[in-house]
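Pasting a structure below so you can have a look.
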Amino acid sequence: MRAFAYQRTTEVRDALSLVAEHDGARFLAGGTNLVDLMKAGVESPARLVDIRSLALGEISETPEGGLVLGATVTNSAVAADPRVRRRYPALSQAILAGASGQLRNMATVGGNLLQRTRCSYFADPSEACNKRVPGSGCSALNGAHHNHAVLDWTQHCVATHPSDMAVPLAAFDAVVRYETLDGTAEVPLSEFYLPVGDRPDLETVLPDGALITAVVLPAAKVAVTSRYRKVRERASYAFATVSVAAALDIQDGLVQDVRLALGGVASRPWRARLAESALRGGPFTAERISAAADLELAVAQPLRDNGYKVTLARNLIEAVLSDLVADMGEGPSR
Ligand code: SF4
């Protein structure tokens with residue numbers, strides 16, 4: 001057992017100062033991932049700075065009609081918020097598809113974005129893992145990797161990002177707001193996660209000691225008609241094998257706007273921009289949906305045991321888009 005210090009703060013600046021002043025200090029919010037990793041010996045912070053008393057627990061409106069999700073709002077509160085359910089239904093659905101009720105009651109917006117991969121080798125200190133110990137190797141590359149990445153991996157790490165919530169956030173162009181001792185900054189979620197490269201231990205662009213304070217959801221008419229669908233190995237309390245967040249706006253038979261993002265396929269939520277571009281501006285036909293999905297997945301590089309994910313992702317894109325169009329009372333032209 002390793003001893004650690006614990007402090008609770010009520011001011012953002014105090015929390016930032018405490019982490020800056022103490023080597024090995026970490027912020028603690030819901031603790032649903034960090035505490036598990038401490039028990040497994042993967043994380044060993046010298047000090048935990050509890051941020052749950054900071055004034056970051058509200059959901060508020062932006063002047064343009066978007067929403068600001070405070071960093072310590074619980075996942076359950078986001079999923080249940082009537083504004084989220086009405087304007088960004090895929091976000092509510094994604095959160096409810098993740099974890100369990102008890103975990104969602106504790107887990108927070110900021111913590112959800114920063115949760116670590118559920119690659120089993122990462123959680124086992126006896127295994128080689130470049131994400132846990134840089135330069136030690138990757139046990140998953142030739143090991144049990146049927147649920148690992150098919151896009152954008154390198155030989156240094158083939159893990160996936162586990163968040164459901166981050167998938168619709170990627171589709172909706174969410175922005176991560178954070179605070180450092182130098183002030184406030186923002187970064188689009190599309191630039192928040194680093195590509196794997198040769199340092200999979202470096203996961204985000206957050207500066208050392210920075211605190212996520214909110215996630216900003218821009219107003220998006222297309223998001224009103226959105227869905228999240230997740231395929232997993234059991235009916236609940238399982239991470240995505242593949243998931244899709246999609247939003248669609250069709251006017252006069254033509255796709256005005258479409259948003260697509262995939263989960264469970266890469267080290268970060270995967271915005272399917274190639275498929276979006278292929279669909280935007282044209283008629284919504286079954287052939288065009290298939291061609292768009294194929295285009296997006298043409299760059300997939302399955303590992304020895306996870307080629308099924310490419311087929312699954314393709315079929316899921318088709319299914320979710322077709323469901324959305326059925327919701328709108330239209331159907332793909334044939
Ligand atoms: Fe570690 Fe990544 Fe390899 Fe898993 S896939 S063992 S997290 S380096």
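Just so you know, these numbers use all the heavy atoms, side chains as well, and skip hydrogens, waters and symmetry mates. Both counts, for ligands and for their atoms, begin at 1 and track the order of listing.
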Taking N306 for the side chain and H148 for the main chain, is one N or O donor matched with an acceptor at less than 3.5 Å?
yes
Is the distance from atom 2 (Fe) of ligand 1 to some N, O or S atom of C119 under 2.8 Å?
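Checking C119: none of its N, O or S atoms is under 2.8 Å.
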For atom 5 (S) of ligand 1, closest protein heavy-atom neighbour:
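Closest protein heavy atom to atom 5 (S) of ligand 1: V158 N, 3.2 Å.
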Salt-bridge contact D23-R47 (side-chain N to carboxylate O under 4.0 Å)
no
Among all protein heavy atoms, pick the one closest to atom 1 (Fe) of ligand 1 and tell me residue, atom and distance.
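Heavy-atom neighbour on the protein nearest atom 1 (Fe) of ligand 1: C129 SG, 2.3 Å.
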Looking at K131 and P200, would you say the former's side chain and the latter's main chain have a donor-acceptor pair under 3.5 Å?
yes
Using side chain to side chain contact (heavy atoms under 4.5 Å, CB included) as the criterion, point out the one residue from T74, N33, N75 that pairs with N112.
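When side chain to side chain contact (heavy atoms under 4.5 Å, CB included) is applied between N112 and each of T74, N33, N75, only N75 qualifies.
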For ligand 1, which atoms sit closer than 4.0 Å to a heavy atom of K131?
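Listed by number with element: 7 (S), 8 (S).
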With heavy atoms of Y121 as the reference, note each atom of ligand 1 found under 4.0 Å away.
6 (S)
Can we say E61 and R87 salt-bridge, meaning some charged N sits less than 4.0 Å from an Asp/Glu carboxylate O?
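So E61 pairs with R87 through a salt bridge.
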Among all protein non-hydrogen atoms, which one is nearest to atom 2 (Fe) of ligand 1, and what is the separation to 0.1 Å?
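Checked against all protein heavy atoms, atom 2 (Fe) of ligand 1 sits closest to C157 SG, 2.3 Å.
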For ligand 1, which atoms sit closer than 4.0 Å to a heavy atom of A140?
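Reading through ligand 1 atom by atom, the close ones are 5 (S), 6 (S).
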With heavy atoms only and a cut-off of under 4.0 Å, state how H145 meets ligand 1: side chain, backbone, both or neither.
neither
L91 reachable from L114 in the ILVMFWY side-chain graph, under 4.5 Å edges
yes
Would you mind checking which non-hydrogen protein atom is closest to atom 3 (Fe) of ligand 1, with the distance to 0.1 Å?
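I find the closest protein heavy atom is C138 SG, 2.3 Å.
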Near F122 (heavy-atom distance under 4.0 Å), the atoms of ligand 1 are 7 (S)
If the contact criterion is a heavy-atom separation under 4.0 Å, does R132 count as touching ligand 1?
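No, that is not the case, since the closest heavy atom of the residue is not under 4.0 Å from the ligand.
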Between the side chains of R132 and D124, is the shortest nitrogen-to-carboxylate-oxygen separation below 4.0 Å, so that they form an ion pair?
no
Using a strict cut-off of 4.0 Å, indicate which atoms of ligand 1 neighbour a heavy atom of H156.
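Listed by number with element, the hits are 8 (S).
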Side-chain touch R229/D323, heavy atoms, less than 4.5 angstrom:
yes
